[in-house]
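The chains referred to below are lettered A, B, ... by the order of the sequence lines, with proteins before strands, and numbering in each begins at 1. Basis for what follows: all heavy atoms, side chains included, without hydrogens, waters or symmetry-related copies.
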Amino acid sequence: MEKTYQPEQIESRWYQRWEADNRFAPSGHGAPFTIMIPPPNVTGSLHMGHAFQDTIMDTLTRWRRMQGRNTLWQVGTDHAGIATQMLVERKLATEEGKSRHDLGRNDFIDKVWEWKNESGGQITQQLRRMGTSLDWSRERFTMDDGFYKAVQDVFVRLHEEKLIYRGKRLVNWDPELNTAISDLEVENVEVDGHMWHFKYPLAGGETYEYIEKNSDGDVILRETRDYISIATTRPETMLGDGAVAVHPSDERYAPLVGKLCEIPVGPKEHRRLIPIITDEYPDPTFGSGAVKITGAHDFNDYAVAQRNNIPLYNLMDRKARMRTDGLSYEASAELASRAAKGENIGDVAAVNLVPEPLRGLDRFAARQQVIEAITEEGLAVTRRNEDGVERPLVENKKIMQPFGDRSHVVIEPYLTDQWFVAVDELAKPAIAAVENGDIEFVPKNYENMYFSWMRDLQDWCISRQLWWGHRIPAWYDADGNVYVARNEQEAREKHNLPADLALTQDEDVLDTWFSSGLWTFATLGWPEQTPELATFHPTSVLVTGFDIIFFWVARMIMLTLKFTGDVPFKKVYVHGLVRDGQGNKMSKSKGNVLDPIDLIDGISLDELMEKRTGNMMQPQKAKAISNATRSEFPEGIEAHGTDALRYTFLSQATTGRDIKFDMGRLDGYRNFCNKLWNASRYVLMNADGEDTGLAPDAPVELSLADRWIISRLQQTEAQVTSALEEFRFDHASQALYDFVWNEYCDWYLELSKPVLWDENASAEAKRGTRRTLVRVLETTLRLAHPMMPYLTEEIWQRVAPLAGTFNEGTEGSGDSIMVQPWPMVDENTVDETATHDIEWLKGVIIAVRNIRAEMNISPGKPLDVLLTKGADADRQRLADNQRFLAKLAKLDSISWLENPADAPLSATQLVGEMEVLVPMADLIDKDTELARLAKEIDKQEKVINGIEKKLSNEGFTAKAPAAVVEKERAKLADSQASHRLLMEQREKIAAL
RNA sequence: AGGACCAUAGCUCAGUUGGUUAGAGCGCCACGUUGACAUCGUGGAGGUCGGCGGUUCAAAUCCGCCUGGUCCUACCA
């Protein structure tokens with residue numbers, strides 16, 4: 001074996017072997033255990049979030065597999081409609097200078113498939129690097145044939161039940177991508193905005209008395225007005241106003257209700273009139289209390305317009321430019337004015353209320369022009385500034401502006417025909433499933449997040465004006481009648497359409513999340529009732545980030561309950577975001593992204609800087625990022641191997657919070673891998689080719705240390721297992737780390753040396769120690785395997801043949817650790833006595849080490865040590881463990897002093913009641929030692945005082961449980977003993 | 001505006017139902033290479049558990065308020 005662990009040589013070899021041997025396919029005979037991987041974008045690449053998530057899923061999967069469960073970890077990728085289409089469009093533009101429209105729909109889609117086939121392997125290759133035991137033989141894609149069928153089926157059936165409908169609604173429109181998006185794909189960001197105040201003159205020059213009162217009811221303003229004052233952050237939408245609304249209780253405007261006012265924009269001769277109405281929506285205490293209602297360009301206004309039958313006038317095209325189509329402004333204004341008076345004007349779609357000079361302008365340019373025109377006309381509300389000049393009132397104001405989460409452009413509420421899922425009926429059972437515990441969130445508090453969202457759910461807009469995705473299975477005839485069916489033929493049959501009737505399919509595709517919502521059951525063959533579906537569904541646990549609970553988890557629950565009658569998963573393990581070491585979100589623009597593969601393989605500083613700044617347009621920013629990178633990673637990043645990376649993720653996988661990825665820990669766990677590697681080297685050096693007690697009838701003698709480490713192993717097995725059951729990967733990894741490093745390596749291996757290297761030790765004892773060394777290691781490897789698969793497999797191959805315990809119950813498949821049984825706790829080998837004895841032994845050794853350090857005695861200098869004042873048990877322990885003590889504490893001799901009074905001047909430490917003496921008359925520095933003792937005495941006195949105070953408190957002795965009081969008394973006795981000893985020491989030294 | 005989570009050693013984090021002398025790793029200091037490992041060993045320094053109040057015999061832990069941070073949801077024309 002190499003002297004240090006070299007992961008790169010081991011990992012790819014084992015992964016290929018596992019995959020070739022079909023180790024990842026379900027094979028257990030126990031209860032099924034299923035995890036569905038959250039399908040990564042097919043054209044994506046592995047980021048830290050994936051790596052983290054995949055580590056957790058793989059750990060669970062490997063663990064359950066070893067427990068004998070019939071384990072399936074289903075793999076697949078997502079077609080990721082918008083993301084993939086954007087990517088290919090950008091590629092097309094840069095490489096061929098073409099847009100998708102140059103290619104046309106079919107050729108473009110071919111192009112995407114081409115790209116998918118070319119690059120889709122990247123993410124799956126990277127997944128393999130993480131050691132994931134995914135069943136590649138069942139890999140799925142959300143646009144493969146099976147999914148196509150499932151999606152058609154779900155769509156058609158939901159439509160038949162009227163749970164999918166089509167309608168003209170106000171939706172979030174992305175003017176860059178030219179598609180509708182769902183509420184969830186909108187990010188609201190606070191930006192600096194303005195609020196303008198304009199006067200809407202009353203029709204026919206009418207006037208009224210405007211009276212403003214303060215909260216006490218005193219009149220603070222009284223004036224005659226011929227207008228109503230309106231505030232807006234989006235003046236360009238005034239063109240599409242359909243009404244002005246005031247609150248019904250607002251006395252200021254009561255005289256105006258039912259009258260008409262004039263929108264102060266557009267050609268003067270065709271100014272439109274709109275009614276002043278009442279609605280609950282306006283807040284009388286905000287602004288002027290009067291709100292313009294632009295039903296086609298604002299969600300709140302839309303609701304008001306619906307309630308009050310106000311027409312919706314669309315002003316913009318798909319790119320959020322002012323419309324150029326439809327009727328002339330003059331004709332449109334005429335129609336709209338008739339509508340305002342209550343006339344039915346039929347289809348409003350042709351009405352284009354954008355004045356000709358503004359047509360074709362971008363929305364922001366149009367805004368500027370509208371503001372200027374109104375201001376010029378004197379219809380802006382003015383305020384006298386500090387300098388005494390009247391100026392138009394423009395408030396600077398933080399406003400929340402909606403941005404597309406992909407395109408990062410301002411989203412426009414836009415009136416279009418879209419397909420929707422009516423969610424009310426689907427949400428009810430989905431809420432119930434979590435309420436009644438059929439689905440459990442870990443940690444629990446995410447259930448609240450889920451409930452609050454589910455209880456206030458809007459219908460889900462599922463149509464996207466994209467090309468890449470599942471095309472909506474609906475066909476139209478020339479008259480616009482719609483026929484929903486699985487295919488055109490079925491549409492004709494279903495509706496008895498004449499063969500010569502021309503049908504065209506809906507141009508839109510479905511929201512990506514519509515198909516991924518079917519992920520847990522469509523991957524298993526649904527709508528066919530396959531054996532896989534019967535076996536592996538519902539799945540056991542979903543591992544996912546909190547950020548997609550709404551996007552994905554909630555929708556899976558709704559759709560799966562609807563179509564399988566069962567929940568998609570029983571548990572949802574929700575994890576936080578992986579952030580950088582400083583707690584910042586990793587992002588390309590910040591240049592702080594870590595690539596899991598780089599952490600595994602290592603990367604030079606130059607390459608890392610290039611990677612982080614490669615496509616960056618601004619040289620200044622690139623330089624800043626380079627500098628930051630250089631100061632954080634002056635030497636680049638070393639290779640750490642997959643297991644170390646996995647272990648780091650697991651140790652940081654604490655519940656309910658984001659993860660600050662800690663490079664220091666990564667180094668630490670790389671060292672841990674090396675530690676385990678070297679411990680194994682030691683075991684193999686001492687056991688390979690030797691008698692490890694494999695023969696069933698060979699007599700074996702187990703030493704104290706052997707019994708102790710076996711006992712500790714049982715406890716570790718119990719800890720790791722229960723930690724995994726509770727999804728506490730941090731605890732599982734910690735328990736294993738402690739056992740391996742602090743017990744097996746630090747103590748047991750050292751304790752094994754005196755036996756193995758002692759020529760006088762019996763064959764039985766040597767055999768027992770070798771057997772224990774090997775078996776404990778072998779079991780530990782199995783315990784560690786789900787967390788660190790490569791290292792454990794590599795070592796296990798060499799250790800297992802010497803351990804001879806691995807074939808139990810898994811005959812014929814004993815050639816990989818993957819298929820070995822998970823360690824079972826054996827209560828019979830838990831040995832309390834051995835534990836106490838070893839603790840005593842450690843106590844003596846540590847006491848000597850302490851004395852060495854305190855007295856500045858070289859660690860190598862052999863000492864003669866005396867023990868005294870102990871019980872008979874201590875004397876016996878000394879007799880039994882002479883050679884261990886001598887070896888580990890580097891002693892010449894250690895013996896029992898019958899009469900404490902005979903003790904020479906010594907440095908002394910207590911182990912229980914017993915004293916450990918290192919005689920050292922010649923070594924002592926009087927003053928230093930006295931100072932040290934004074935400090936120690938002081939410390940003990942503080943402890944004693946604290947406990948005495950506690951014990952003298954009657955409330956404590958009366959009310960605290962007896963055991964707690966007893967514990968305090970024992971502590972007091974210990975401290976008093978220490979104190980006495982220190983005092984004696986001080987006396988002796990002082991007498992020198 | 002409503003809600004969630006977080007605040008423990010210089011850094012990253014543990015700390016079960018209240019009872020520890022408050023722990024780990026990294027970093028730091030001192031010492032140490034003959035027989036698994038310097039990606040190591042031994043010993044050590046370092047914390048009034050964000051602040052204030054309360055409940056209790058007893059609070060890092062339970063309750064309230066405050067401060068600071070992260071995030072979600074909804075938003076006011």
Of the options [options], whose atoms approach the side-chain atoms of [X] most closely?
X        : options             : result
A:Lys753 : B:C13, B:A14, B:A36 : B:A36
A:Phe286 : B:C75, B:A77, B:U20 : B:A77
A:Tyr281 : B:C75, B:A36, B:A77 : B:A77
A:Lys3   : B:C37, B:G44, B:G19 : B:C37
A:Asn678 : B:U39, B:G15, B:A36 : B:A36
A:Arg579 : B:A36, B:A14, B:U70 : B:U70
A:Leu749 : B:C75, B:C72, B:A36 : B:A36

In a check of side-chain contact (heavy atoms from CB on, under 4.5 Å) between A:Thr772 and each of A:Val774, A:Thr769, A:Val776, which one passes?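 Single pass found, and it is A:Val776.
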Are any protein N/O atoms closer than 3.5 Å to N/O atoms in nucleotides 31-34 of chain B? If there are, list each pair with its distance.
none

Separation of atom CH2 in A:Trp677 from atom C1' in B:A36, rounded to whole Å: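 Answer to the nearest Å: 12 Å.
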May I ask you to verify if any side-chain N or O of [X] is less than 4.0 angstrom from the OP1 or OP2 atom of [N]?
X        : N     : answer
A:Lys675 : B:U39 : no
A:Lys842 : B:U42 : no
A:Lys292 : B:A77 : no

Which word best sums up how the rings of A:Tyr669 and A:Tyr647 line up, parallel for under 30°, tilted for 30 to 60°, or perpendicular for over 60°?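 Tilted: the ring planes of A:Tyr669 and A:Tyr647 meet at 30° to 60°.
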Classify the ring geometry of A:Phe649 against A:Phe661: parallel below 30°, tilted from 30° to 60°, perpendicular beyond 60°.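 Because their plane-to-plane angle lies in the 30° to 60° range, the rings of A:Phe649 and A:Phe661 count as tilted.
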Non-neighbouring partners of A:Phe739 that pass ring pair (Phe, Tyr, Trp, His ring centres under 6.0 Å), sequence neighbours left out: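 Testing A:Phe739 for ring pair (Phe, Tyr, Trp, His ring centres under 6.0 Å), a comparison that skips the adjacent residues, returns none.
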Just to verify, what does [X] make a salt bridge (Lys or Arg N to Asp or Glu O under 4.0 Å) with, not counting sequence neighbours?
X        : value
A:Asp298 : none
A:Asp279 : A:Arg307
A:Arg252 : A:Glu212, A:Asp250

Ion pair check, A:Glu759 and A:Lys766, cut-off under 4.0 Å: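 Looking at A:Glu759 and A:Lys766, the cut-off is not met.
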Do A:Asp662 and A:Thr648 make a side-chain contact, defined as non-hydrogen atoms from C-beta onward lying under 4.5 Å apart?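 Contact flag for A:Asp662/A:Thr648 side chains = no.
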In terms of heavy-atom contacts, does NZ of A:Lys590 have more than 12 from other residues, nucleotides or ligands at under 6.0 Å?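 Yes, NZ of A:Lys590 has more than 12 neighbouring heavy atoms, counting only those of other groups under 6.0 Å.
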Heavy-atom count around A:Glu725 CD within 6.0 Å, excluding the residue itself: above 12?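 Atom CD in A:Glu725 is crowded, with more than 12 foreign heavy atoms closer than 6.0 Å.
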Steps toward ring pair (Phe, Tyr, Trp, His ring centres under 6.0 Å) verdict (A:Tyr573, A:Phe729): CA-CA 12 Å; A:Tyr573 174 83; A:Phe729 304 97; 5.7 Å; yes
Using atom types as modelled, flag every donor-acceptor pair under 3.5 Å from a side chain in residues 960-976 of chain A to any protein atom, sequence neighbours excluded.
residue	atom	partner	partner atom	Å
A:Glu968	OE2	A:Lys971	NZ	3.1
A:Ser975	OG	A:Lys971	O	3.3

Can you tell me, in whole Å, how much space there is between the C1' of B:U16 and that of B:A22?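 That atom pair is separated by 15 Å.
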Considering only atom C1', compute the distance from B:G15 to B:U61 and round it to an integer number of Å.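 Result for the C1' pair: 9 Å, nearest Å.
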Using a cutoff of under 3.5 Å, can you pull out all pairs of nitrogen or oxygen atoms linking the protein to nucleotides 58-63 of chain B, with atom names and distances?
none

Listing request: all salt bridge (Lys or Arg N to Asp or Glu O under 4.0 Å) pairs with a residue in residues 673-690 of chain A, at least two apart in sequence or in separate chains.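 Listed by first then second residue: A:Glu690-A:Arg770.
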Please list, by residue number, the residues of residues 232-245 of chain A whose heavy atoms come closer than 4.0 Å to an atom of RNA chain B; answer none if no residue qualifies.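 Within residues 232-245 of chain A, the residues near RNA chain B are A:Thr232, A:Thr233.
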Protein-nucleotides 2-5 of chain B N/O pairs closer than 3.5 Å?
residue	atom	partner	partner atom	Å
B:C5	O2'	A:Gly656	O	3.2

Could you go through A:Asp758 and A:Arg883, starting from their C-alpha distance and side-chain angles, then the distance that decides it, and tell me whether this counts as salt bridge (charged side-chain N to carboxylate O under 4.0 Å, His left out)? CA-CA 9 Å; A:Asp758 180 356; A:Arg883 63 180 163 167; 3.1 Å; yes
For a stem of at least 3 consecutive Watson-Crick or G-U pairs with distances under 3.5 Å, i pairing with j, i+1 with j-1 and so on, which stems involve RNA chain B?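 Listed by first number, the stems are B:1-7 with B:67-73, B:10-13 with B:23-26, B:28-32 with B:40-44, B:50-54 with B:62-66.
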With sugar-phosphate meaning primed atoms plus P, OP1 and OP2, does A:Cys745 contact a base, only sugar-phosphate, or nothing at under 4.0 Å between heavy atoms?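 Here A:Cys745 touches the bases of the nucleic acid.
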Each nucleotide N or O in nucleotides 22-29 of chain B that has a protein N or O under 3.5 Å away: list the pair and distance.
residue	atom	partner	partner atom	Å
B:A24	O2'	A:Gln734	NE2	3.4

I'd like to know whether the aromatic ring centres of A:Tyr227 and A:Tyr200 sit less than 6.0 Å apart in this structure.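 Between A:Tyr227 and A:Tyr200, the centre distance exceeds or equals 6.0 Å.
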